[in-house]
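Here the structure is laid out as structure tokens; the discussion comes afterwards.
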Amino acid sequence: MTLTLDDQVQATLRELGIDDENSGGFAGTWSALEGTRIESINPATGKTLAAVWLPGGDTYEKVVASSAAAYEEWRTWTAPARGEVVRQLCDELRKHKDALGHLVSLEVGKVLSEGLGEVQEMIDMGDLAVGMSRQLYGKTMHSERPLHRMYEQWHPLGPVGIITAFNFPVAVWAWNAMVAAVCGDSMIWKPSHLAPLTAIAVTKIGERVLAANDAPPIFNMLLGGRKEVGERMTADRRLPLISATGSTRMGKAVGQAVADRFGRALLELGGNNAIVVMDDADLDLALRAVLFGAVGTAGQRCTSTRRLLLQRGIAAEFKARLMEAYGSVRIGDPSDPKTLMGPLIDQSAVDNMMAALVRIQSEGGVILTGGKTIEGPGFFVQPTLVEANAAMPVTCEETFAPILYTFEFDTLDEAIEVHNSVPQGLSSAIFTLNMRHAERFLSAAGSDCGIANVNIGTSGAEIGGAFGGEKETGGGREAGSDSWKIYMRRQTCTLNWGEELPLAQGVEFEV
Ligand code: UN1
């Protein structure tokens with residue numbers, strides 16, 4: 001591999017331990033495929049930050065073989081020893097937080113504070129995983145048979161495949177990788193081709209930490225396309241788990257291919273997240289949350305707020321305040337601390353948004369504010385507010401852009417019905433100061449999403465809880481809580497220390 005670097009990123013990459021000297025292709029822990037040339041484009045300028053040329057040979061096979069060998073060794077390390085390696089990785093990430101956050105911002109266009117936040121999310125995830133390394137608990141059961149002991153234990157699973165999207169180019173890897181590492185798995189990461197630099201940087205940092213600990217190369221990374229890497233991974237029986245983040249369409253293909261070989265798929269797919277604002281809400285809070293949810297990250301989070309359900313009594317006032325707020329959002333250079341919204345990731349994202357706006361209007365939606373691209377270099381658009389109605393099919397789809405649909409309703413029952421009527425089920429929120437409304441929203445007959453919040457927006461989840469959603473969001477759970485279980489295999493063990501062989505369920509079988 002060689003890198004051609006824009007001057008702007010030269011110093012950042014040096015600090016992170018990557019530069020054009022540091023080439024060499026397949027080094028055991030990261031690689032890329034023959035004949036592919038990947039360019040990293042700064043979406044704020046449209047200019048190339050770096051180009052990556054790739055080495056020859058059957059890199060895929062080498063990486064999988066290396067990862068499988070690394071797993072054989074890594075699984076013999078104790079979980080707390082594996083946790084110690086992850087702890088050191090967190091130390092390195094803390095050291096490089098500024099540089100890495102800057103690189104995230106440059107490569108995917110999110111504002112610097114969000115770029116830094118993303119690295120913090122990796123660090124938080126690592127800290128949590130270090131704790132988990134001493135808490136991979138199994139249960140002990142009372143056996144019905146005398147002098148028998150029965151328990152469950154959790155073993156490492158194998159090399160796992162991690163497919164991530166451009167919008168969280170490093171945090172989502174960390175959700176998986178930090179936990180998989182303490183669980184005793186090695187991994188192969190297929191990052192988005194739109195964010196190769198951050199992936200290389202993180203892999204290099206991981207590689208250095210592993211080397212310092214004489215640990216096997218568990219953090220493998222493979223740059224390449226859907227066909228050359230993604231599809232081979234999903235069909236590969238050597239990878240018992242594929243964790244994939246991206247569109248519902250991609251997830252369906254991954255899920256089917258993995259199911260076909262009886263593998264496990266952990267899917268984190270599209271969202272179509274709504275905020276319900278009741279007449280009794282604290283409107284100041286709601287306004288800030290809606291703005292962050294819909295405009296933050298230029299609407300390119302899976303948790304972005306895409307639908308706003310307003311109770312009739314506050315609808316007009318809230319919409320007016322929101323339009324005013326939209327008008328004062330600073331759009332531009334993501335590295336300027338005053339900027340709230342950076343660019344979309346690329347031209348096709350801009351085209352998709354514009355196509356959605358045409359469809360919205362043809363289905364009867366009214367653009368209240370925004371709706372245009374911004375002239376000049378980079379892939380900038382205006383955040384857009386739409387007056388919609390539940391009969392518009394486009395509102396049931398996820399457009400990965402800052403488009404917010406507003407709806408009005410009279411009763412909470414009606415709001416919940418509209419809320420749950422979309423095929424996706426990731427994140428949801430209600431703003432209310434009425435305890436009964438809040439509890440109704442969180443009840444079994446309330447929001448059908450994997451995440452349900454009260455007086456907090458749909459995006460910006462902490463890592464401590466399990467993250468993921470229902471329906472077409474794919475059903476996977478990552479990050480905190482007991483999400484670690486999917487990275488391990490469960491074994492139920494029953495041990496007879498007596499001199500008889502009693503059978504369960506009272507069955508007699510004597511000759
Ligand atoms: C994503 O967009 O894929 O809850 C992940 C959030 C972030 C993660 C988003 N912590 O918005």
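We count ligands from 1, going down the list as the structure has it; atoms in each ligand are counted the same way.
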Task: For atom 9 (C) of ligand 1, closest protein heavy-atom neighbour - done: Phe168 CE1, 3.6 Å
Task: Heavy-atom nearest neighbour in the protein, as seen from atom 3 (O) of ligand 1, with distance rounded to 0.1 Å - done: Cys302 SG, 2.8 Å
TODO: Give yes if a backbone or side-chain nitrogen or oxygen of Phe467 is under 3.5 Å from a nitrogen or oxygen of ligand 1, and no if not.
DONE: no
Task: Salt bridge flag under 4.0 Å for residues Asp284 and Arg321 - done: yes
- [ ] Looking only at distances, please establish whether an N/O atom of ligand 1 is found under 3.5 Å from an N/O atom of Ser459.
- [x] no
TODO: Indicate yes or no: does an N/O atom of Trp175 lie under 3.5 Å from an N/O atom of ligand 1?
DONE: no
TODO: Using distance alone, decide if ligand 1 has a nitrogen or oxygen within less than 3.5 Å of any nitrogen or oxygen in Thr303.
DONE: yes
Task: Heavy atom of Gln300, distance to ligand 1 below 4.0 Å - done: no
Task: Nitrogen or oxygen of Gly460 less than 3.5 angstrom from that of ligand 1 - done: yes
Task: Shortest protein heavy-atom distance from atom 4 (O) of ligand 1, along with the residue and atom involved - done: Ala461 N, 2.8 Å
Task: Polar side chain donor-acceptor pair, Glu114 to Thr297, under 3.5 angstrom - done: yes
Open item on the list: Considering non-hydrogen atoms of the protein only, which is the closest contact for atom 10 (N) of ligand 1, and what is the distance?
Closed with: Glu121 OE2, 3.1 Å
